[in-house]
Structures are given as C-alpha cells and as structure tokens.
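All heavy atoms count here, side chains included; hydrogens, waters and symmetry mates do not.
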Amino acid sequence: MARAEATDIHQHMWPEGFVRALATRTTAPFVRTGVRGWTMRIPGEPDYEFSATIHDPGLRARALRNSGLDRALLANSSPLGVEALPEDEARPLLEAWHDGVFEIAADRDEAAFGVWGALPIHGGEPADVDVLIDRGAVGISLAAGALASPAQLDALGPVLRRLEVHDAPLFVHPGPAQPATHSGGPAPWWPALTDYVADMQAAWMTFAGWGRREHPALRICFAMLAGGAPFQIERLIARGGPATAVRDSRLFYDTSSYGPKAIAAAASIVGPDQLVHGSDRPLVDGNPSTALGRQAAAAMTRENVARLLKGI
C-alpha cells in the first residue's frame, strides 16, 4: 500500500480571476491596487497588503516541497466575509475562486494542490455540495460563525447530511456568518485573538453539544485547534457539558498558528491521532511541529490526514 502524501490541510490562494472579481466591488470585501501591490479591504479587519507572488501556484508548490510536503489543500479565506455576503453577491465571487483553484489543482505539472469547496452561508444547499464534490473537492469548508449556535447548526443540517452521504469531511475555519459592521479593533492582531477564537470555540461547543448527535458519521476538522476549545474540557464537564467530546475519533484539529506548547497540550487532551498539520500559508508561515517528536509530526501530515479525508 502506497504511503499517504505528506499534506498541509490549510492553505489559502487567491487566483487572478478571484482578485479581479473583488476589484470590481465598491464595498468591502474588495481589492485595490497600491504602491507595493494590492490592498485588501476586509469588513472588521485591518487592511491587508499583499503581492501577487505569494499567490503564485508555481512558487507556492516549490515552497511546499522545500518544506518536505507533497500537497496542500486550499480553503477559501473565510475572514474576508465572502461566504457571509448576501447570496447574489457571494455566489459570483465563490464561482471565480472555485474556477481558479480547481484549475490550479488540475495542473499536472504541479499536482500539489487539493481544494476545500466553499458555500454561501445564506442560500447554500445540498446540491452545492454535490457539485463541488463532483468537481473534485476533498470536502467543504464553512465559516465558524455559521456554526456558532444550535439554531445555526440546525439550519445547516441538510448540507451536513449531504456531506455524510458523500463520506466527505467538513473544515471549520474562523470567519463570520454576517458581514462585519465594526472596525478591526485597537490593534492589527485584535480580531485574530478575539473574534476568531470566540467563533471557533462556539462552533466546537455547538458541535460537541448537539452536532455529533445529529451527524454521527461526519468527520470534521477545526482550524487553529478549535480556538483552544478542548482546553475547556474540565470546565465543560463541571458545568454539565458532554464529557466525551474530546475523545471523539471523528473530530480533528489543525495546528495552524500554534506552536510546541499548545500542540503538546492539545495532544494530551484530544490525543495525538486527532491532530493534523495546517499552516495557514501565506498568512502564517510554518512547518509541521516536532513538539511531539518526528514520528508524531509525520503522522500529523500523513496518517491522521488520511483518516480525516478518507475515514480510514
């Protein structure tokens, strides 16, 4: 049996067509040209300046291989708020993004990328899951804000059940359910340490409390260690919550933006078999952590990823 490819399950890429579509918008999220490249205006976030080279597929593929990995899975950048827009605004942008990333994934010269499909939060349907899986998506990503309460979970029930039918996983990424109306906070790092963490924890608690009962077969991966939600297990039990949530073999956690101390702590709580490597490139640059030793780091990019994606 061939050894599983070493995979980074969490990267972002903005194809040219997607950037052009954002450049036509007059309200955030939108893109404008600047002195040093492009500037992304994001609701509730500081402006983000970037160069097109960081989204160049060839350069990214080489960087991937230089880090010892074979493949990366591309996810929509949920904090941009594209998925949270009204359906008639979200669908054209998501279509442009999907057209670009599926073309990149199909490039036989690179063969380094896979795709998490993305849905509009408002109006997304099970048929959208069918289309994206048929196009080759490994699964579906959703913004954490869309799963932040039992009522929201119930509203997404048909989509999640369709994922179960396809035996495909869900990737939960920080991001809002509604376009942000507030400013980015007192410092550039503020949203990532407040809104992101709170939304990821709420999504994890929602799934632990109600989601697993409704979706027993669904494999689900939470980005950024679910915002540290499993670290709350003792408090959760003390308040009468589901004590078995952290030992759910179908729940996985990517390690994006965390280091050795947090990864080791997470492994002690949820078990090392539930951790998968996610870098969040190009926003965060990182290689698989060796906090648990090289053997565990290898499992986080290979065997654990294979169980997440294929249920083996």
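- Taking F231 as the reference, nothing meets the ring-ring contact (aromatic ring centres under 6.0 Å, His included) condition, with sequence neighbours excluded.
- One hydrophobic cluster, built from ILVMFWY side chains closer than 4.5 Å, cannot hold both W38 and F30; they sit in different ones.
- At distances below 3.5 Å, not a single donor-acceptor pair connects side-chain atoms of W210 with backbone N or O atoms of S149.
- One hydrophobic cluster, built from ILVMFWY side chains closer than 4.5 Å, cannot hold both L283 and L193; they sit in different ones.
- For the residue pair R212 and I220, the shortest heavy atom distance occurs at NH2-CG2, 4.3 Å.
- Partners of R247 according to the salt bridge (charged side-chain N to carboxylate O under 4.0 Å, His left out) rule, which considers only residues two or more places apart in sequence or in another chain, do not exist here.
- The aromatic rings of H55 and W14 lie parallel to each other, with less than 30° between the two planes, well short of the 60° mark.
- In R41, the CZ atom is not crowded: 12 or fewer heavy atoms of neighbouring residues, nucleotides or ligands sit closer than 6.0 Å.
- For the residue pair F18 and L93, the shortest heavy atom distance occurs at CD1-O, 3.5 Å.
- Between L236 and M205, some side-chain heavy-atom pair lies under the 4.5 Å cut-off.
- Under a 3.5 Å cut-off, the side chain of Q152 and the backbone N or O of G145 do form a donor-acceptor pair.
- The closest side-chain heavy-atom distance from P15 to E103 is not below 4.5 Å.
- With sequence neighbours left out, the salt bridge (charged side-chain N to carboxylate O under 4.0 Å, His left out) criterion links D56 to no other residue.
- Residues I54 and R60 come closest through the heavy atom pair O-NH1, 2.8 Å.
- Across every non-hydrogen atom of T206 and A148, the tightest pair is OG1-C, 3.4 Å.
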| message | Quick one, N304 with H277, criterion side-chain hydrogen bond (donor to acceptor under 3.5 Å, both in side chains). Give me CA distance, side-chain angles, the key distance, then yes/no. | response | CA-CA 9 Å; N304 296 357; H277 170 61; over 6 Å; no
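- Side chain of W97 to backbone of M13: a donor-acceptor contact under 3.5 angstrom is found.
- By the 4.5 Å heavy-atom criterion applied to side chains, P216 and E164 are counted as neighbours.
- Other members of a hydrophobic cluster containing I121 are absent, since no ILVMFWY side chain comes under 4.5 Å of it, directly or through relayed contacts.
- Heavy-atom minimum distance, V82 versus P29: CG2-CG, 4.1 Å.
- Residues forming a salt bridge (charged side-chain N to carboxylate O under 4.0 Å, His left out) with E89 (at least two apart in sequence, or on another chain): R25.
- Scanning for ring-ring contact (aromatic ring centres under 6.0 Å, His included) contacts around H98 gives F102, with sequence neighbours left out.
- A single hydrophobic cluster is not seen to contain both Y48 and W190; linkage of ILVMFWY side chains at heavy-atom distances under 4.5 Å, directly or through other members, places them apart.
- Using a 4.5 Å cut-off between side-chain heavy atoms of Ile, Leu, Val, Met, Phe, Trp and Tyr, with links allowed through other members, I237 and V270 fall into the same hydrophobic cluster.
- Of all the heavy atoms in L275 and M300, the pair that sits closest is O-CG, 3.4 Å.
- Side-chain atoms of H10 never come within 3.5 Å of backbone atoms of S279 as a donor-acceptor pair (strictly under, hydrogens ignored).
- For the pairing with H173, the side chain to side chain contact (heavy atoms under 4.5 Å, CB included) check across S256, S78, S77 returns one residue only, S78.
- Classification of R91 and D128 as a salt-bridged pair holds, one side-chain N sitting under 4.0 Å from a carboxylate O.
- Classified by interplanar angle (parallel below 30°, tilted 30° to 60°, perpendicular above 60°), the ring pair F207/H215 is parallel.
- Heavy-atom neighbours of E87 CD from other residues, nucleotides or ligands within 6.0 Å: above the threshold of 12.
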